[in-house]
Structures are given as structure tokens and as C-alpha cells.
Amino acid sequence: MYNLKFIRDNTESMRRGLARRGEAHRLDSILKLEERRRGILAEVEVLKAERNAKSREIGSIKKSGGDANELQAYVRSLGDKIKDFDDELKTVDSELQEKISWLPNLPHDSVPDGEDASSNVVRKEWGEKPEFHFPIKDHLELGRSLGILDFERGAKVAGSGFPLYTGKGAALERALINFMLDTHVKEHSYTEIYPPFMVNYESLFATGQIPKLLEDMYKCKDDDLYLIPTAEVPVTNMHRDETFSEKQLPVNYAAFTACFRREAGSYGRETRGFLRVHQFNKVELVKIVHPDDSYDEHEKLTLNAERILEMLEIPYRRLELCAGDLGFAAAKCYDLEVWSPAEEKWLEASSCSNFEDFQARRANIRFKPESGGKALFVHTLNGSGLATSRLMVALLENNQTEEGTVMAPKVLVPYTGFSIIGYKKNTEF
RNA sequence: GGAGAGGUGGCCGAGUUGGUCGAAGGCGUUCGCCUGCUAAGUGAAUGUAGGAGCAAAAACUCUUACCCUGGGUUCGAAUCCCAGCCUCUCCGCCA
């Protein structure tokens, strides 16, 4: 979220950045409104200054017992004019704020050009895609035949797109969450957070889900609360309207939450099983850092997420998103994709973004420099570390055996207590 | 859900018979003085945001707004009225 002064002083560089995302058209009406705003301001402030002066005068006249009726009538007429200007100003202001709130973040210089996902660049590929010498099953068949996933009953109790895990499926899910949290907390030095799963409008606005993604949020209308689409929202907003001291930075958080997304308008598109769901679990990493460090921290964060996949021995690749495919608030973003042998496709399991000061401005999160001077905006980052839904697809499919069973990854065994998901007793181990 | 108390600057805390209050006092912070060092003492400074002026930036000057939020009354509101939000205490209900 940019302030007016910044837009006015950096119009051309903003226009260039926005053009890379195909959003440059948004700037002109803002500039026009801004000019009108200043015009009104100039007029109304003169009137207000006069009103203040005359009112003081009335005060002293009255105190000394004089008659100020005529002056009062005059100032009253000033007040009427002021009200007209103020009303107009209010209209212009809210229109401006609305328009500015739709300006996305500017892509970092290092971000490749491109209009859509087809221009994303593969930066790295890890692991070997497994080769099977038998007909393989997809995650849905595996989940059903092994009795660990029950999408039908999930649909019965809630609706389609609400996963339901049973027996070893539920245990595997829980193991995965604990494993990821433990790794980030104990080995990568993140502080664990367990936040609310519902947030208010201000929080969604601050992290940039609103206005653009409003339609994708589940809302509790009676209470004006929204189910979180990601832990990024409550965790980043912990520090809304706060000022850090410079030496408190960087702040690193890891949070497990369920995530809720309406996925409005995406029906029929890759909606089988876990490929697109309304509720899923995710361990999210959030960093609040010094502006000078955010690109280093972005690399670190991405490596922290990749480490999980390597420990789980899941083949993945890292994609750098092109300017046109960047999320609304991101200045730079890497996606991590896991391999699905059944789909023969890469599936997005993580998205690691540097928001620079975009969210910090909206959320008013600052730090006080050691050298003194004004508080500056921090940079915020986050990334999934990771989402279990797509991970579960890769995990089941990549680790299936000819018998139709699934081997649990070695690192998970201490968490699950079992190393194989067979046909029997998956609900009574 | 019911009853009551309260929301003021980085913090604490005055200010509620409306007027010179952006707001006393204290703490903290910054700069200086003093003292072998530290502590203590002492002098001064110290809110944020917007606009205008100065060719630009900084400084500076002028000005507007802000005492939870949004309305209202008034020539004039931190102070009065209305609505809302939040916090605390007590009661009820409940996992």
C-alpha cells in the first residue's frame, strides 16, 4: 500500500513496475484524484485557519463582556463552507484509498518478465522421479483402498473439498505436521506460534488478501470474522501497529494452522481429491526482517522449506515466478512443486514470497534504527513449510508398492510409530 | 447474556462548570554541564501525519488534522450528546 507522496515522487518507476504486471492503467486516475485532493485541501485549510482565529477572538470578546453576535454569524457561514469542502474531501479521499488499495506490489528487478505461469523459470530440480514397473494408483485410489482417506464422508459432513482422514491417514497427517514444526523450530530456529483461525477485516487488509481475494474468503457474517486462508494473516498481524527495535530483528515464526479457501470459480478444475480443497493443513513460516536483509532471508526461508522435502525424500523443483504471475502483495516469489507420478505433473506445495514493505505499510509494522531517527518499515516474508495436502499426494504416490501399500518416509517413523500402511488394521494400530 | 468502571503523547498520569490545550507533572530518551569512574545532581530538547512556501533535497517558516473509532451540538470540544469498538471487575451460562 503506497502513500500518496510516494506515488507522486516515484510515478515513473511505479508505472514501469506496474506495467510488468499489466496494471499500469490504475495509476492515472489516482494521480488525477490526488491533484484534486490537494486543491480542496488548499482551499479548506485557509477557511479553517480563519475560523480558528475568529473563534478565539469571540472567546476574548465574550470574556470581557462584549457583544460578538455579528462575528458569530460570520463564522457560522464559514463553517457551512468548510462543511461542503470537507464532504467533498471525504468523497475524494475514500475514492483514492479504494483505488490505491488495488495497486499490487512492484516486482523486484530480479524477477523475470512474463505475463503468466508459462513464463515462470525452473531454478532447481531435486531428487529422482521414481520409476514403477507396475501399474500405479493415484492418491485417491490409494487412500480409498487403504482406508485412510474418506472424501465421500467429508463431503457428507461438510461438502466436497473437505478432506477426512481416518486411522493411519489421520496419524500420518498429524505426524507430518509435527515433523515439520519440530524441524523448523529445533533445527531452523523459528519460534512456534499457534494463532487464531479467524481474523477480522483489518488483518486481511493488512496482509493484502483484501480487496483482491475477498471472494475467496469464508466469512462469518454475524460476527464480521473470516476464516484464515493461511497462517500468514494472523501471524503477520500479531505485530500490526507495532514498532520493533532494530536488534529485535529478524523475527522468525513457524505456525501450524488449518487453512480455508472457497476457491470460488475453480469448480471442475483439478478438483479431484487433494488437488484442490477448501480446507487443508499447513505449517507456515513468517519472517519480519530488516529491509537490507530481506533478499538473503528469502533465500534462507526457501531453503528451510526445501529441506523438509529433502528429508521426506520427495522429488521437487523450485520455480521462480515471472512478474505477471506474482501474487498481489509479493515483490518476488518462489514456488516449490512436488512430483505426482499419477498425474505426471508438478504440484504446488509451497509458495515463498518476499513482500518487502508492502504488507508492513498496510499493517504499519516498523522498526526504530539503532542510529536514531524515524521508525522505518520492516520487510515481511512468508512461505509454506509446507502444505500437507499436496504433500500427501506426493507422499502416497511416490512411496507406493506393487502390493498397493505405502511406505512411510524414514524421518516420519518416529512420529507415526509405523513404517508401512498396509491393507489391515489401518484404523486400529 | 446482565451490572458497573475505564479508554489521553514511547510509558505512567493530570485535565470533564466547553475557549489561549498538542495537552500539566513524572518516567524514559537525546544533547550539554558538573564530579577520579559509576551513581547522583543540573540546563535544554523531545509526538505523528497531511498541505503550502523555499528551483530540488535537508533545514526552516506558515497551516490543517489527530486526546479509542464514527457521527452530532456549538462561533469554538480531550472536555457536552448519540452510536460503535476494545479493556478491566462482578454475576449468569458454557467447553
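The analysis underlying the following values was restricted to heavy atoms, covering all of them including side chains, and did not include hydrogens, waters or symmetry mates. A note on names: the letters A, B, ... follow the listed sequences, proteins ahead of strands, and every chain is numbered from 1.
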Q | NZ/NE/NH1/NH2 to OD/OE distance under 4.0 Å, Lys48(A) and Asp86(A) | A | yes

**Q.** rU64(B) OP1/OP2 closer than 4.0 Å to side-chain N/O of Asn52(A)
**A.** yes

Q. The side chain of Glu45(A) lies closest to which of these nucleotides: rA65(B), rG19(B), rG50(B)?
A. rG50(B)

Q: Answer yes or no on whether Arg361(A) is positioned over the face of Phe6(A), meaning its NZ or CZ is under 6.0 Å from the six-membered ring centre and within 45° of the axis.
A: yes

Q. For Ile58(A), which contact category applies under a 4.0 Å heavy-atom criterion: base, sugar-phosphate, or nothing?
A. base

Q | Pairwise C1' distance for rU79(B) and rA23(B), with rounding to whole Å | A | 12 Å

(Q) What is the separation between atom CZ on Arg37(A) and atom C1' on rU64(B), rounded to the nearest whole Å? (A) 11 Å

Q.
Any base atoms under 4.0 Å from Arg8(A), or only sugar-phosphate, or nothing? Heavy atoms, all strands.
A. sugar-phosphate

Q: Would you classify Lys54(A) as touching base, sugar-phosphate or nothing, given that sugar-phosphate means primed atoms plus P, OP1 and OP2, and contacts are heavy atoms under 4.0 Å?
A: nothing

Q: Can you tell me the pairing partner of rU16(B) across any strand shown, Watson-Crick or G-U wobble, with both distances under 3.5 angstrom?
A: none

Q: Round to the nearest Å and state the distance from Tyr201(A) atom OH to rU69(B) atom P.
A: 19 Å

Q. So what's rC93(B) paired with, Watson-Crick or G-U wobble, going by both distances under 3.5 Å?
A. none

Q: Tell me which of Asp9(A) and Glu34(A) sits closer to the 5' end of RNA chain B, going by the nucleotide each one is nearest to.
A: Glu34(A)

Q) Atom NZ of Lys48(A) and atom P of rA77(B): how far apart are they, to the nearest Å? A) 11 Å

(Q) Main chain of Asp296(A), side chain of Asp293(A): is a donor-acceptor contact present, judged purely on distance under 3.5 Å? (A) no

(Q) For Tyr218(A), does the six-membered ring have the charged nitrogen or CZ of Arg261(A) within the cation-pi criterion, i.e. under 6.0 angstrom from the centroid and within 45° of the normal? (A) no

Q | Rounded distance in Å - CG (Asp80(A)) to P (rG76(B)) | A | 10 Å

Q) So, Lys332(A) versus Ser110(A): side-chain donor-acceptor pair below 3.5 Å or not? A) yes

Q: Give a yes/no answer on whether the side chain of Arg56(A) brings an N or O atom under 4.0 Å of OP1 or OP2 in rU20(B).
A: no

Q: Could you work out the separation of rU46(B) and rA24(B) based on their P atoms and round it to a whole Å?
A: 11 Å

**Q.** Rounded distance (Å) that lies between atom C1' of rG71(B) and atom CG of Asp86(A)
**A.** 14 Å

Q: Tell me what Asn69(A) touches on the nucleic acid: a base, only sugar-phosphate, or nothing, going by heavy atoms under 4.0 Å.
A: nothing

**Q.** Strand partner of rA23(B), provided both Watson-Crick or wobble distances fall under 3.5 Å
**A.** none

(Q) Categorize Lys368(A) for me: base, sugar-phosphate, or nothing, with a 4.0 angstrom heavy-atom threshold over every strand shown. (A) nothing

**Q.** Any Arg38(A) side-chain N or O less than 4.0 Å from OP1/OP2 of rA52(B)
**A.** yes

(Q) With ring pair (Phe, Tyr, Trp, His ring centres under 6.0 Å) as the test, pick out the partner of Tyr165(A) among Phe151(A), Phe280(A), Phe274(A). (A) Phe274(A)

Q: Quote, to the nearest angstrom, the P distance that separates rG84(B) from rG2(B).
A: 12 Å

**Q.** Nearest-angstrom distance, C1' atom, rC93(B) to rA14(B)
**A.** 41 Å

Q | Spacing of the C1' atoms in rC94(B) and rA5(B) (rounded, Å) | A | 26 Å

Q.
Between rC31(B) and rU87(B), how many Å separate the two P atoms, rounded to a whole number?
A. 39 Å

(Q) For Leu41(A) and Ala73(A), find the nucleotide of RNA chain B closest to each by heavy atoms; which residue's nucleotide sits nearer the 5' end? (A) Leu41(A)

Q: Please give the nucleotide sitting opposite rC31(B) as a Watson-Crick or G-U wobble pair, both distances under 3.5 Å, or none.
A: rG43(B)

Q. Roughly how far apart, to the nearest Å, are rC21(B) and rG47(B) at atom C1'?
A. 14 Å

Q. What is the nucleic acid contact for Ala49(A), judged by heavy atoms within less than 4.0 Å: base, sugar-phosphate only, or nothing?
A. sugar-phosphate

Q: If rU79(B) has a Watson-Crick or G-U wobble mate with both distances under 3.5 Å, name it; if not, just say none.
A: none

**Q.** Distance, C1' atom - from rC12(B) to rG72(B), rounded to whole angstrom
**A.** 33 Å

Q. Starting at CG of Leu89(A) and ending at C1' of rA49(B), how long is that distance when rounded to a whole Å?
A. 14 Å

Q) Starting at CD1 of Ile40(A) and ending at C1' of rA52(B), how long is that distance when rounded to a whole Å? A) 16 Å

Q) If you measure from the Lys or Arg side-chain nitrogens to the Asp or Glu carboxylate oxygens, is any gap between Arg8(A) and Glu34(A) under 4.0 Å? A) yes

Q.
Could you tell me the Watson-Crick or G-U partner of rG53(B), where both distances fall under 3.5 Å? Say none if there is no partner.
A. rC60(B)

Q. Taking any strand in view, what nucleotide pairs with rU87(B) in a Watson-Crick or G-U wobble way, both distances under 3.5 Å?
A. rA5(B)

Q | Nearest-angstrom distance from the residue atom CG of Leu71(A) to P of rU74(B) | A | 17 Å

Q: For rA65(B), give its Watson-Crick or G-U wobble partner with both distances under 3.5 Å, or none.
A: rU48(B)

Q: Would you indicate, yes or no, if rG71(B) has its OP1 or OP2 atom less than 4.0 angstrom from a side-chain nitrogen or oxygen of Lys90(A)?
A: yes

(Q) How about CD on Glu152(A), more than 12 heavy atoms from neighbouring residues, nucleotides or ligands closer than 6.0 Å, or not? (A) yes

